[in-house]
Amino acid sequence: MPVPSLRVLVAVLPLASAIPLQAQHDDRIWGRVLTGDGATHEGFIRLRGDWDAASWTDLLRVSKAMPDRYYLDWREATAAGRPHLRTVELEGYRITWEERHPDWPGTAPTGIRFGHLAEMLPDEDGKVRVATRSRREPGLAEGEGVPGGNGGKMSFASEWGAAVVVDDGDSRVEVDGRDIVRIEFEPAPAGPAPASPRLYGTAEDRNNRSFTGFVTWRGDILESDVLDGIFEDVPGLFPGSDDSYGAIRFSHIRSVEPTPCGAKLTSRSGKSVKLCTEPLAPDPPPVLISDPALGAVDVAWDALRTLRLEPSSGAPGYDAFDGGHPLSGTVVTAEGEEIEGRIRWDADEERSWEPLQGRSHDVAFSIEFGKIARIERDDRRGAHVTLLDGRRLHLTRDNDVDEGNKGIFVFPFAADGADGPAGAWRYVAWKNFREARFRHGDAGRAGS
């Protein structure tokens with residue numbers, strides 16, 4: 001049997017001192033799962049299937065439908081508002097109709113951390129519908145693509161795909177995703193503890209970059225989960241594992257390293273075994289990483305040097321998230337003009353929880369805009385991204401950071417300081433863009 005491929009989600013926030021027992025569980029998703037038969041299950045939540053998640057820092061990866069207002073603004077900026085027409089001739093007749101420009105996508109990949117959510121549910125079409133914890137923005141109605149708390153919701157284009165395990169500290173129940181009508185999120189109360197610790201560790205790539213935090217491996221995210229399908233008879237290597245079925249509990253694994261024919265596992269006692277009975281699949285899935293000070297990172301299997309599992313030192317809890325805010329700051333053109341206001345990046349991203357996407361050395365980054373201090377266009381290719389924590393990345397090979405960028409819209413602030421943008425937007429094409437400096441105050445306003 002082939003050595004299992006790896007899928008990893010990692011998140012971390014190092015703490016300087018020992019963490020109280022309850023704080024050790026603050027990172028875990030807690031909430032209520034309501035079902036169609038009227039039942040309610042409350043406890044620590046683990047999502048399975050399409051969305052493997054158990055911590056607030058985990059990313060809900062979905063696709064969003066592109067709102068009409070985004071397209072109309074982009075068409076006005078790039079084609080002076082002229083519609084895109086298609087014409088065909090058939091048996092002497094000419095037929096012309098209006099359609100969206102082929103350069104404008106119908107959907108786009110996006111993501112949001114579970115900590116930003118107040119609730120999620122399937123909508124009437126079976127798509128993902130969420131409410132964030134942020135306040136509704138003045139002057140924006142529901143359905144305009146800016147979700148808010150207090151009942152403000154937004155539907156994503158992705159299909160609902162959640163099955164949920166609820167652990168209240170004493171018992172566990174698994175709820176089929178087809179039976180779920182709503183999931184409500186809130187901080188975990190004092191007292192209950194989950195049945196098993198979350199997997200935690202450090203992933204290092206071949207460019208000596210490391211990412212530390214909570215780990216998900218091929219859908220397994222707890223220390224009690226079992227790495228199965230490995231038929232290596234090495235007595236005593238992994239104490240307590242069921243060697244007859246090739247099952248190795250994650251609590252017994254210290255590290256994983258890719259090898260030319262598979263992978264090497266090292267136990268916590270220091271013994272190692274190479275799993276080379278059969279090669280890996282031709283295209284192993286990447287290692288997925290979530291860093292609360294950055295965003296999601298996908299490391300190709302060939303780019304991974306090692307994954308070390310270790311005890312957790314804690315991570316952000318529910319109170320560390322705010323549901324997001326409008327993007328704002330200063331956009332500088334190639335000629336040096338500075339334009340201040342609310343920002344819509346690549347013609348479709350305007351909230352702090354949305355991801356900026358790009359690649360670097362076989363690693364794909366989805367950086368939360370709320371963690372970005374500055375973006376600078378590289379005259380040769382791509383862009384330099386500086387994070388609020390000081391890290392600096394050079395990203396390429398995605399429309400967010402390269403020639404495929406659809407342009408940056410800036411909505412100037414009202415001169416009298418009133419909420420919301422004032423006057424007409426300004427549009428800066430990628431070739432005319434120099435840099436953007438973001439502000440992340442309570443309202444995302446200039447000077448905050």
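- One finds no salt bridge joining D52 and R61 here, because no Lys/Arg side-chain nitrogen approaches an Asp/Glu carboxylate oxygen to under 4.0 Å.
- Judged by a 6.0 Å distance limit and a 45° cone about the ring axis, R344 is positioned over the six-membered ring of F409.
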Open item on the list: Evaluate V385 against R374 for side chain to side chain contact (heavy atoms under 4.5 Å, CB included), listing each step before the verdict.
Closed with: CA-CA 6 Å; V385 180; R374 174 178 296 187; over 6 Å; no

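- Using a 4.5 Å heavy-atom cutoff, the side chains of L309 and Y200 are not in contact.
- The distance from the CZ atom of R308 to the OG1 atom of T266 is 11.5 Å, given to the nearest 0.5 Å.
- In this structure, the separation between CZ on R172 and OG on S196 is 8.5 Å, given to the nearest 0.5 Å.
- Under a 3.5 Å cut-off, the side chain of R359 and the backbone N or O of F365 do not form any donor-acceptor pair.
- The shortest distance between side-chain heavy atoms of I183 and V164 falls below 4.5 Å.
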TODO: Quick one: do I45 and V33 satisfy side chain to side chain contact (heavy atoms under 4.5 Å, CB included)? Show the steps, please.
DONE: CA-CA 9 Å; I45 289 177; V33 178; 4.0 Å; yes

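- In this structure, the side chain of D123 engages the main chain of K127 through a donor-acceptor pair within 3.5 Å.
- Under a 4.0 Å N-O distance rule, the pair K431/D379 does not qualify as a salt bridge.
- Checked by atom type, the side-chain pair T333/N432 shows no donor-acceptor distance below 3.5 Å.
- By the 30° and 60° cut-offs, the orientation of the rings of H394 relative to H384 is tilted.
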TODO: Could you walk me through whether L356 and V401 pass the side chain to side chain contact (heavy atoms under 4.5 Å, CB included) test, one step at a time?
DONE: CA-CA 8 Å; L356 175 90; V401 292; 4.0 Å; yes

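- Counting only N and O atoms by type, the side chains of S360 and R209 include a donor and acceptor under 3.5 Å apart.
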- [ ] Would you check, one step at a time, whether the test side chain to side chain contact (heavy atoms under 4.5 Å, CB included) holds for V332 with F433?
- [x] CA-CA 7 Å; V332 183; F433 166 76; over 6 Å; no

- [ ] Please step through salt bridge (charged side-chain N to carboxylate O under 4.0 Å, His left out) for the pair R437 and E435, ending with a clear verdict.
- [x] CA-CA 7 Å; R437 301 189 296 270; E435 69 170 315; 3.5 Å; yes

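- Side-chain atoms of R249 and S224 form no donor-acceptor pair, as typed in the model, at a separation below 3.5 Å.
- Inter-residue side-chain proximity for W425 and R342 is flagged as unmet; no heavy-atom pair is nearer than 4.5 Å.
- Side-chain atoms of D167 come within 3.5 Å of backbone N or O of A195 as a donor-acceptor pair.
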Open item on the list: Would W353 and H325 count as a ring pair (Phe, Tyr, Trp, His ring centres under 6.0 Å) here? Give the steps.
Closed with: CA-CA 8 Å; W353 52 259; H325 56 261; over 10 Å; no

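- Side-chain N or O atoms of D68 include none that pairs as donor or acceptor with a backbone N or O of Y71 at under 3.5 Å.
- Remark: the backbone N or O of D348 is not paired with any side-chain donor or acceptor of D346 at under 3.5 angstrom.
- Counting heavy atoms from C-beta on, the side chains of L47 and D58 never come closer than 4.5 Å.
- A donor and an acceptor atom, one from each side chain of R377 and N405, are nowhere located under 3.5 Å apart.
- Defined by atom type and a distance below 3.5 Å, a donor-acceptor pair is missing between the side-chain atoms of D402 and T396.
- The list of ring-ring contact (aromatic ring centres under 6.0 Å, His included) pairs with a residue in residues 109-129, not counting sequence neighbours, reads H116-F321.
- Under the 4.5 Å side-chain criterion, counting only non-hydrogen atoms from C-beta, V181 is not in contact with T35.
- The two residues T78 and Y427 have their closest heavy-atom pair at CG2-OH, 3.5 Å.
- Considering only heavy atoms from C-beta on, W74 comes within 4.5 Å of D103 through its side chain.
- For W56 and W30, the ring centers are positioned 6.0 Å apart or more.
- Of the inter-residue distances, the one linking L222 atom CG with L199 atom CG reads 6.5 Å to the nearest 0.5 angstrom.
- Cation-pi geometry between R28 and Y318 is not met at under 6.0 angstrom from the ring centre and within 45 degrees of the axis.
- Rounding to the nearest 0.5 angstrom, the gap separating the CG atom in D302 from the CG atom in D362 is 8.0 Å.
- Side chain of T107 to main chain of K64: no donor-acceptor pair is present (N/O by atom type, distance under 3.5 Å, no hydrogens or angles).
- S155 and R129 share a side-chain donor-acceptor pair at under 3.5 Å.
- Taking the ring centre of W104 as origin, the terminal cationic atom of K406 falls inside the region bounded by 6.0 Å and 45° from the ring axis.
- Counted by atom type alone, S352 and E368 present zero donor-acceptor pairs between their side chains at under 3.5 Å.
- Salt-bridge annotation for R46 and D225: present, with a side-chain N of the basic residue lying under 4.0 Å from a carboxylate O of the acidic one.
- Using the six-membered ring where Trp is involved, H440 and F438 have ring planes that are parallel, under 30° apart on the 30 and 60° scheme.
- When E338, E337, E340 are each tested for a salt bridge (Lys or Arg N to Asp or Glu O under 4.0 Å) with R426, only one passes: E337.
- Contact detail for T57 and P292: the closest heavy-atom pair is CG2-CB, 3.8 Å.
- With rounding to the nearest 0.5 Å, the separation of CD in E350 from CG in L327 is 8.0 Å.
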- [ ] Walk me through it: do S55 and D27 pass the test side chain to side chain donor-acceptor pair (under 3.5 Å)?
- [x] CA-CA 5 Å; S55 296; D27 65 273; 3.1 Å; yes

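- Between P192 and F44, the shortest heavy-atom distance links the atoms O-CZ, 3.6 Å.
- How far CG of L395 is from CG of D398: 9.0 Å, rounded to the nearest 0.5 Å.
- A salt bridge links R32 with E186: the distance from a Lys NZ or Arg NE/NH1/NH2 to an Asp or Glu carboxylate oxygen falls below 4.0 Å.
- In this structure, G126 and E159 approach most closely via the heavy-atom pair O-OE1, 3.4 Å.
- Listed for the R133 side chain is no donor-acceptor partner under 3.5 Å among the backbone atoms of G323.
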Open item on the list: Go through it in stages, so that I can follow the logic: the residues are R392 and E376, the test is salt bridge (charged side-chain N to carboxylate O under 4.0 Å, His left out), and I'd like the CA-CA distance, side-chain angles, deciding distance and then a yes or no.
Closed with: CA-CA 11 Å; R392 182 177 166 89; E376 303 162 84; 2.8 Å; yes

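- Counting only heavy atoms from C-beta outward, the side chains of V299 and I289 approach each other to under 4.5 Å.
- Of the candidates V297, D400, I372, I367 forms a side chain to side chain contact (heavy atoms under 4.5 Å, CB included) with just one, namely I372.
- Between E349 and R351 there is no salt bridge, since no side-chain nitrogen of the basic residue lies less than 4.0 Å from a carboxylate oxygen of the acidic one.
- Side-chain atoms of I180 and W160, non-hydrogen and from C-beta on, do get closer than 4.5 Å to each other.
- Here the shortest heavy-atom pairing between G43 and V166 reads N-CG1, 3.5 Å.
- Closest non-hydrogen pair, L388 versus G370, comes out as CD1-O, 3.3 Å.
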